[in-house]
Amino acid sequence: MKIGKTLVSAEEIDAKLAELGAQISQDYEGKDLLLVGILKGAFVVMADLARHITIPVEFDFMAVSSYGSSTKSSGVVRILKDLDNEIADRHVLIVEDIVDTGLTLHYLLKNLRVRKPASLKLAALLVKDGIERPPLDVHYEGFHIPPEFVVGYGLDYDGKYRNLPYVAVVDSVE
Ligand code: 5GP
């Protein structure tokens, strides 16, 4: 596997997360906010975004199945780890790394809505353009990228490259 062109640099990510963090701090001022990161990919975004949020927040995580070692979405969503906290009457912000087919988030939003949070919104660092997906309101979005398979900043190829501080395309797979 070869890492290709950088689509979003570390500096661009940091500037965008600062902007989103300021907006979130303003929007949730005086409210009790629970950030819900979707593992594994979102742990990097979650850590960096949260440090740009100036109001007190709590963290929780969910783990869902997504890609295995292939680069195509299976469309099958399985909860591997559920939330530790109850979310009834709480303000919940889901933090996701990337919206591709949107199937994972579509399912998660449906699943979490049933638990009657006070509000349920969505933050995603990356949104792939040119993909047909169910209607999905991403309230805080970072960057639109072309519909290519990317790695870095939490996103993996076969479990690796999550530690790259930038987002890059995968050039060749062998
Ligand atoms: P979706 O359900 O929107 O198709 O995508 C769900 C998950 O698939 C994402 O949270 C992410 O973990 C993974 N995914 C989607 N697109 C990419 C990609 O381009 N690269 C990597 N490494 N993972 C992706």
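Heavy-atom basis, side chains included; hydrogens, waters and symmetry copies ignored. Both counts, for ligands and for their atoms, begin at 1 and track the order of listing. The first residue in the sequence is number 1, and the count goes up from there.
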ask   = Should the proximity of Glu148 to ligand 1, defined as any heavy atom under 4.0 Å, be assigned to the side chain, the backbone, both, or neither?
value =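 Answer for Glu148: backbone.
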task = Mind checking whether Leu105 contacts ligand 1 via backbone (N, CA, C, O), side chain (CB onward), both or neither, at a 4.0 Å heavy-atom cut-off?
result =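 Under 4.0 Å from ligand 1, Leu105 contributes no heavy atoms.
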ask   = So Tyr157 and Tyr161, would you call those rings parallel, tilted or perpendicular, with 30° and 60° as cut-offs?
value =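 Tyr157 vs Tyr161 ring planes: tilted.
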query = Which class fits the ring pair His91 and Tyr28: parallel under 30°, tilted 30 to 60°, perpendicular over 60°?
reply =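 Correct class here is perpendicular.
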If every non-hydrogen atom of [X] is compared with every non-hydrogen atom of [Y], which pair is closest and at what distance?
X      : Y      : value
Leu7   : Glu12  : O-OE1, 4.2 Å
Arg133 : Thr101 : CB-O, 2.9 Å
Pro147 : Ile131 : CB-CD1, 3.7 Å

task = For Asp156 and Arg162, indicate whether the former's side chain and the latter's backbone hold a donor-acceptor pair under 3.5 Å.
result =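 Side chain of Asp156 to backbone of Arg162: no pair is present.
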inquiry  = Do the side chains of Arg115 and Asp82 get close enough for a salt bridge, i.e. N-O under 4.0 angstrom?
reply    =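 Yes, Arg115 and Asp82 are salt-bridged.
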task = Would you mind finding which of Leu126, Asp97, Asp158, Leu103 brings a heavy atom closest to atom 12 (O) of ligand 1?
result =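 Looking at heavy atoms only, Asp97 sits closest to atom 12 (O) of ligand 1.
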query = Of the listed options (Thr101, Val170, Val169), which comes nearest to atom 1 (P) of ligand 1 when hydrogens are ignored and any heavy atom counts?
reply =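 Residue with the shortest heavy-atom distance to the ligand atom: Thr101.
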Any N/O of [X] closer than 3.5 Å to an N/O of ligand 1?
X      : result
Val99  : no
Lys128 : yes
Val150 : yes

query = About how many Å separate CD1 of Ile98 and CG of Leu125, when rounded to the nearest 0.5 Å?
reply =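 If I round to the nearest 0.5 Å, the distance is 8.5 Å.
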ask   = Taking the non-hydrogen atoms of Val151, is any one of them nearer than 4.0 angstrom to ligand 1?
value =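 Val151: no contact with ligand 1 (<4.0 Å).
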ask   = Contact between Phe149 and ligand 1, counting heavy atoms under 4.0 Å?
value =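 It does; at least one heavy atom falls under 4.0 Å.
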inquiry  = Please list, in number order, the atoms of ligand 1 under 4.0 Å from a heavy atom of Thr104.
reply    =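 It comes down to these atoms of ligand 1: 1 (P), 2 (O), 5 (O), 6 (C).
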inquiry  = So if I count the atoms of ligand 1 from 1 in the order they appear, which ones are less than 4.0 Å from some heavy atom of Glu96?
reply    =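 Checking each atom against Glu96, I get 10 (O).
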